[in-house]
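This report concerns only the one structure given below.
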Amino acid sequence: MKYVLMLGDGMADEPLEELGGRTPLAYANTPAMDELASMSEIGMVKTVPEGMNPGSDTANLSVLGYDPKVYYSGRSPLEALNIGVDMKDGDVAIRANIVTLSEEEENYEDKRILDHSSDEISTEDAAVLLEAVKKELQNEIFQFYVGTSYRHCLIWAKGDVVPLTPPHDIRGKEIKEYLPKEQQLLDMQKKSYEILARHPLNEERRKKGLNPANSLWFWGAGTKPALSPFEEKFHKKGAMISAVDLLKGIAVGTDMYNITVEGANGGLHTNYEGKAQAAVDALLKEGYDFAYIHVEAPDEMGHQGSVEKKIKAIEYLDARVIAPVKAALDASGEAYRMLILPDHPTPICVKTHTSNPVPYLLYDSRRQESHDWKYNEEEAMAGGKLVEKGHELMGYLFEY
């Protein structure tokens, strides 16, 4: 038996007037998911425990079967695992986004966050900018590490886990009320703007019509994580396929096989086909029992507030990942179970994550059901099944 989990990050949403009262998931052309839904169990699952922040960190831990209330120690430490940071006891890891702030205001505090991803800056460009920051700001206490695209890491030796605001939660807002209260972190953010705003690479970006990556933004602080191995927990050999450090870090922490797909970048134009093929190879050629395929694009488009691009991201996931993986598994003759869901909603109307339950689809090639429903929030809710504890859903997949 083979097992696949297809995760469309942030794919769930709210009904939108411009879509005739439908969600992007319901509006999108998704023949593969709709066909699967007609033969599957569908329902809703609460992936984020009460009282916890609806981040991709807590939600993906939950989806993977790890209760966030037990295993969560912060977002950035999970990303640090993938970057290869050897965190010591007492170290605090902090996400260091390279963001775009407005430039017309004289005072840093009066600026606004225009783009939390600096136009989904390439890792190569971001590394150049982070190197300029390191020359000025790095010391024995604060160490910077390059991650992927706009997502980077700061390690604070013997630091404090301080409250920090995710930049994607405050796009378009003045930053004054959301700046770090810790003076050292605030000083570094301000200094980073002085370093980056006039950097030659940002001058080139402006000429190309791209957002300048002109400031660091700190968030997601946490301590060294301790996750139990996936195979020990579920007795399955697991492989992770993702472009983002968070998911890769979770894989490192759980001793799953991390598959790097060339051209996978966490954006709308990622290598969907490469992800699909990597999963098929892991399951059918390399002896893995379980593949977790994570696609970041719907979440990114939700943060951008782009209805059109979010729909396109969902359609790409359907046609370029789900359909070919199903076709390959069907052709192989292997029995398999497939779970499809988002980790959390990223509604266009708020441009950030919410804690609402998300729709799931659970397909079993051995015993196909027959229904007239499609895969979307409304029909999954009408299905009547609600899984209250997201971390128990993995047991449903493995039939525990």
Side-chain angles (χ1 to χ4, degrees), residues 3-13 24-25 28 30 32-33 36-37 40 42-48 54-66 68 75 78 230 234 238-251 254 256 258-259 261 264 266-268 270-272 274-276 278-279 282-283 290-303 310 313-326 336-346 353 356-363 375-377 380 387 390-394 396-398:
Y3 305 89
V4 187
L5 195 155
M6 306 274 196
L7 192 128
D9 201 301
M11 184 163 59
D13 211 298
L25 180 58
T30 54
M33 285 190 275
L36 282 165
S40 302
I42 65 172
M44 302 293 286
V45 56
K46 190 169 180 57
T47 57
V48 181
S56 290
D57 42 16
T58 52
N60 275 279
L61 279 174
S62 180
V63 170
L64 196 56
Y66 292 80
R75 177 179 182 125
L78 295 169
F230 184 84
F234 294 110
M240 173 67 73
I241 301 151
S242 177
V244 300
D245 289 325
L246 170 61
L247 274 295
K248 287 176 170 288
I250 291 174
T254 56
M256 292 176 68
N258 242 328
I259 300 177
V261 175
L268 180 61
T270 192
N271 184 359
Y272 297 92
K275 289 188 171 187
L283 293 168
F290 169 73
Y292 192 114
I293 308 172
H294 172 262
V295 174
E296 175 78 357
D299 182 62
E300 286 295 327
M301 300 310 107
H303 287 310
K310 184 165 186 179
I314 294 168
E315 292 177 343
Y316 284 162
L317 169 64
D318 186 78
R320 299 167 67 180
V321 181
I322 294 171
V325 170
K326 181 181 184 299
Y336 68 95
R337 287 167 67 82
M338 182 182 292
L339 179 63
I340 300 173
L341 75 163
D343 50 349
H344 52 67
T346 307
H353 308 165
N356 293 338
V358 296
Y360 74 87
L361 174 164
L362 181 57
Y363 171 78
Y375 177 65
N376 59 62
E377 298 88 345
V387 180
H391 63 274
E392 294 180 351
L393 194 61
M394 190 63 71
Y396 289 24
L397 175 64
F398 294 146

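Count residues from 1 along the sequence.
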Problem - By ring-ring contact (aromatic ring centres under 6.0 Å, His included) - contacts of Tyr66 (at least two apart) - result: Tyr71
Problem - Inter-residue atom distance Met33.CE - Ile340.CD1, 0.5 Å rounding - result: 6.5 Å
Problem - Contacts of type ring-ring contact (aromatic ring centres under 6.0 Å, His included), residue Phe230, not counting sequence neighbours - result: Phe234, Phe290
Fill in the blank from the handout: Across all chains, not counting sequence neighbours, the side chain to side chain donor-acceptor pair (under 3.5 Å) partners of Asp343 are Ser56, Asn60
Fill in the blank from the handout: Sorted by chain and number, sequence neighbours left out, side chain to side chain donor-acceptor pair (under 3.5 Å) with Tyr336 holds for Asp330
Handout entry: Test side chain to side chain donor-acceptor pair (under 3.5 Å) applied to Glu300 - qualifying residues, sequence neighbours left out
Key = His116, Tyr150
Handout entry: Under 3.5 Å donor-acceptor, Lys326 side chain and Met338 backbone
Key = no
Problem - Counterpart residues, side chain to side chain contact (heavy atoms under 4.5 Å, CB included), relative to Ala251 (two or more places apart) - result: Met240, Met256, Asn258
Problem - Contacts of type side chain to side chain contact (heavy atoms under 4.5 Å, CB included), residue Pro324, not counting sequence neighbours - result: Ala276
Practice task
Tell me, please, which residues at least two apart from Asp57 pass side chain to side chain donor-acceptor pair (under 3.5 Å).
Solution key: Tyr72
Exercise for the section: With sequence neighbours excluded, tell me which residues meet salt bridge (Lys or Arg N to Asp or Glu O under 4.0 Å) with Arg337. Expected result: Asp364, Glu399
Problem - Listed partners of His353 passing ring-ring contact (aromatic ring centres under 6.0 Å, His included), at least two apart - result: His168, His303, His344
Fill in the blank from the handout: Residue set satisfying side chain to side chain contact (heavy atoms under 4.5 Å, CB included) with Thr270, at least two apart, ordered chain then number -> Ala264, Asn265, Tyr272, Lys275
Exercise for the section: Measure the spacing between OH of Tyr363 and CD1 of Ile42 and express it to the nearest 0.5 Å. Expected result: 15.5 Å
Problem - Gap separating the CD1 atom of Ile322 from the OG1 atom of Thr30, nearest 0.5 angstrom - result: 8.5 Å
Practice task
Output all residues satisfying side chain to side chain contact (heavy atoms under 4.5 Å, CB included) with Ala278, sequence neighbours left out; order by chain, then residue number.
Solution key: Ile241, Ile259, Val261
